[in-house]
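Take a look at the structure set out below.
None of the values given here were measured: they were computed from a predicted structure. Each chain gets a letter, A, B and so on, in the order the sequences are listed, and its residues count up from 1.
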Amino acid sequence: MRLAVFADIHGNQEALEAFITDVSMRRIDRYMCLGDIVGYGANPNECIELVRSLPRANVILGNHDAAALWMTSPYSMTQDATEAILWTMEQLTPDNANFLKNLNPTIKMGNMLFSHANPYNPMAWRYVVDRKYAARTFSRTGEKLLFVGHSHEPLMITRNNFFKISFRTPGENAVADVDNAKRQIVNCGSVGQPRDRNPKASYLIYDTREDKFEFYRLAYNYRKTADKISAAGLPRFLSSRLSKGI
Amino acid sequence: MKNYLEKVNLRAKFFVWSMIIILAFGLVASILYYSHLKKILMAEAFNKSEMVLQEVEAIRDYVKEILRPRMYELHSKEAFILEAMSTTYVSLNIMKSFEGRMPGYLYRRVSQNPHNSENRADEFEEEMSDWFEADRNRTFWQGVVKKGSESFFVSMIPDYHEKGCLHCHGSPKDAPPSLIAKYGPVGGFRFVEGDLAGLNSVSIPVSRPLALVTKVSVGIFIGTVFMMALLLFVLNLLFGNLVISRLTNIMGILTKETDDTGPAAGTDHLPGSQDELDHLKESFGDLTRYVSLARKGSGPEPNFIGPYAVEAPLIAGTLSWLYKARNTVNREKVSIKIPFEDTMLNPLYAACWQTEMKVLEKTDRHANLIAVIAREGDTLIAEAVDGQDMGTIIDRQAPYRGKELLPLFHQLCDLLAHLHNMGIVHHDLRPQNFMFSGDGLIKLVDLGFASWREIPDAIFESGISPQGDFRYMAPEQMAGKRGDSRSDIYTLGVLLYQMCTGRLPFEKTRSALKTRLRIKENFKPPGAYSEEISKEMEAVILKAMAGDPEKRYQWAEDLMADLEQS
């Protein structure tokens with residue numbers, strides 16, 4: 001079974017369309033979107049509709065999605081993010097807003113657990129990028145594979161043994177073997193706003209028959225996206241960061 | 001013991017209970033006989049002892065009234081011939097000789113103050129002396145006395161001093177010298193007229209007659225039991241031929257007809273609660289339900305649910321019927337799922353029905369899943385389906401060749417992937433839950449025991465025993481766990497097995513849970529049935545049917561991919 005895992009689209013329609021075009025050539029059985037479809041970007045409704053059109057897709061609630069619904073406070077984020085969220089709230093159609101409202105913060109499928117930021121206490125929106133939160137995540141969950149997003153940087157965290165947790169940043173278009181004996185936390189990176197100094201959209205495919213993770217980076221027309229953001233009146237930084245990958 | 005009793009069949013139940021009744025009967029009869037006989041024997045023993053006692057009294061009277069005065073006449077007043085003048089001596093010696101001839105009778109003549117210390121009263125006799133002295137009208141006593149370890153029938157008569165006795169029992173000064181020389185001046189004197197002289201008693205030991213009675217009672221018990229066992233055996237034969245074999249015939253017919261049509265159809269009851277008559281009752285229940293429900297929509301009176309006219313029944317699911325129906329407003333053909341009465345009466349099944357309705361309404365459309373149009377109260381209005389249930393089709397057309405399998409299984413695996421992706425696990429994927437239309441389209445029409453991750457799982461929360469058809473059930477489900485998506489994959493494996501070989505890996509048996517669990521581990525690999533099944537196909541089936549869920553296919557898509565390759 002080939003599962004495409006992607007996250008953090010943030011209203012970036014161009015990146016999402018590039019993703020969909022690319023992934024449709026890769027024989028995907030199921031899709032898993034780890035949240036943050038809206039926020040920062042200029043096309044929240046289009047992105048939601050595109051994600052909903054994916055066949056056999058599951059979607060998870062992200063912190064920007066929750067903020068856009070007033071589930072959590074939009075003022076707890078950076079100033080640019082807050083402004084983008086407040087703008088997004090006005091754009092969302094009732095149907096799309098309703099779709100977001102019914103999303104779950106975590107989904108369990110087989111021996112995998114999916115969440116936006118951290119699987120235990122998902123509404124805390126922690127970045128699982130260091131040893132402390134990785135160890136906490138491992139100890140408070142039972143599933144073998146944990147998929148997260150939120151940090152906008154692809155990452156593979158493996159629990160080697162009780163004392164050692166190893167971190168590995170996969171290269172562009174890398175293929176990593178799934179370790180059958182060890183638990184792993186896998187971060188698929190961001191489709192719409194990568195922050196690892198690589199402007200290409202990031203996603204991963206998990207192949208259960210081959211036992212492999214396939215990490216992909218996609219080039220897309222970020223200039224077009226940046227122009228749309230500026231045209232919408234959103235903060236300048238949100239458009240200028242796309243080309244730098246920050 | 002109770003469990004054992006429930007497990008055996010009707011004949012054995014009848015036999016066991018009859019044996020218990022016979023034994024009880026024999027016991028009661030022998031107890032009654034024993035007590036009756038004991039009473040009779042006691043009366044006889046008392047009678048005999050009284051007779052002997054009165055005989056001795058007669059002897060003593062003779063000594064007192066005839067012999068002693070005559071002795072005084074012949075010899076001097078001072079003479080004392082013990083052997084002719086002491087009633088005690090005479091009676092004791094006569095009785096000793098008597099005892100020699102008739103063993104079993106014990107004569108005692110005792111006093112609290114005897115001449116001869118051998119004749120002193122014991123503790124019980126002292127008590128009896130007091131009792132007699134308390135009321136001069138008490139002249140006779142009978143009873144059972146326990147002396148040491150033995151019990152005796154005892155008859156007792158008191159003896160009072162008269163004037164004539166005081167010659168030897170009054171003041172020692174007046175007594176004959178030879179008496180004093182023999183026994184001394186201490187014992188046996190200083191009585192006055194009217195004092196209690198002593199007690200005469202005859203005792204018969206109890207154990208002898210009682211032993212006899214016990215022996216006879218036991219004999220009667222054994223005899224009764226034997227005779228009744230014989231009677232029972234004969235009656236059993238008669239009953240067996242006249243009644244049981246005919247019942248079994250009726251049952252055979254009924255269970256064949258009604259197997260898959262009752263509520264929670266295919267739910268096999270867990271071990272040990274059924275004998276033939278219970279099964280018969282159930283089958284009758286199923287049959288009447290079938291008849292009464294099937295009349296809905298096929299009688300002259302039309303049945304309406306909202307604007308929909310209910311027509312003929314299509315198939316019975318786990319919790320509901322699927323009927324053909326027609327929308328009277330726009331003439332559209334539809335189908336209706338109507339829950340069984342039993343479903344709505346049982347709160348657990350009613351909850352399962354609510355789940356089924358929610359799942360069918362909210363699930364994204366899929367070609368192989370029946371599509372819901374509307375909901376009228378507790379019934380569902382769905383798209384029209386036609387064809388027959390897949391179970392019947394498979395029975396007719398199996399075994400399938402590899403090429404014919406693929407389109408069928410493609411539909412099944414795709415549907416399963418669709419459901420599992422949404423977090424829906426079916427738990428009961430029997431072929432009877434699918435409708436197979438003429439153009440090869442499979443439609444899942446029943447999700448009675450399904451669970452959905454979005455809503456609470458009634459069956460899991462209730463902790464009820466495994467629900468569904470044991471032949472298709474995954475081993476972890478049979479062991480009592482609710483199961484997950486991999487249990488569905490196991491069932492798919494069983495379906496594959498059935499389609500390839502034309503038979504099921506396990507047949508329905510009415511055996512204990514433990515045997516059934518072991519059966520799930522041992523089944524003939526499909527290759528054993530047919531040469532046509534390739535090694536790869538066999539490997540797919542065996543992996544799908546692995547006992548350990550971790551070793552099975554984890555995803556329906558993987559099963560399909562391997563199937564396509566084989």
Could you pull out every donor-acceptor pair under 3.5 Å between chain A and chain B?
unit_1, atom_1, unit_2, atom_2, d
A:Met1, N, B:Asp558, OD1, 2.2
A:Arg30, NE, B:Glu557, OE2, 2.8
A:Arg30, NH2, B:Glu557, OE1, 3.1
A:Arg56, O, B:Asn421, ND2, 3.2
A:Arg56, NH1, B:Asp414, OD1, 3.3
A:Arg56, NH2, B:Asp414, O, 3.3
A:Arg56, NH2, B:Asp414, OD1, 3.1
A:Arg56, NH2, B:Asp414, OD2, 3.4
A:Asn58, OD1, B:Arg453, NH2, 2.9
A:Asn58, ND2, B:Asn421, O, 2.8
A:Asn58, ND2, B:Asn421, OD1, 3.0
A:Asn104, ND2, B:Glu454, OE1, 3.4
A:Asn104, ND2, B:Glu454, OE2, 3.0
A:Thr208, OG1, B:Asp558, OD1, 3.3
A:Thr208, OG1, B:Asp558, OD2, 2.9
A:Arg209, NH2, B:Asp562, OD1, 2.2

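When heavy atoms are compared at a cutoff of 4.5 Å, A:Leu3 does not approach chain B at all.
For A:Phe167, the CZ atom sits in a packed shell: over 12 heavy atoms of surrounding residues, nucleotides or ligands are nearer than 6.0 Å.
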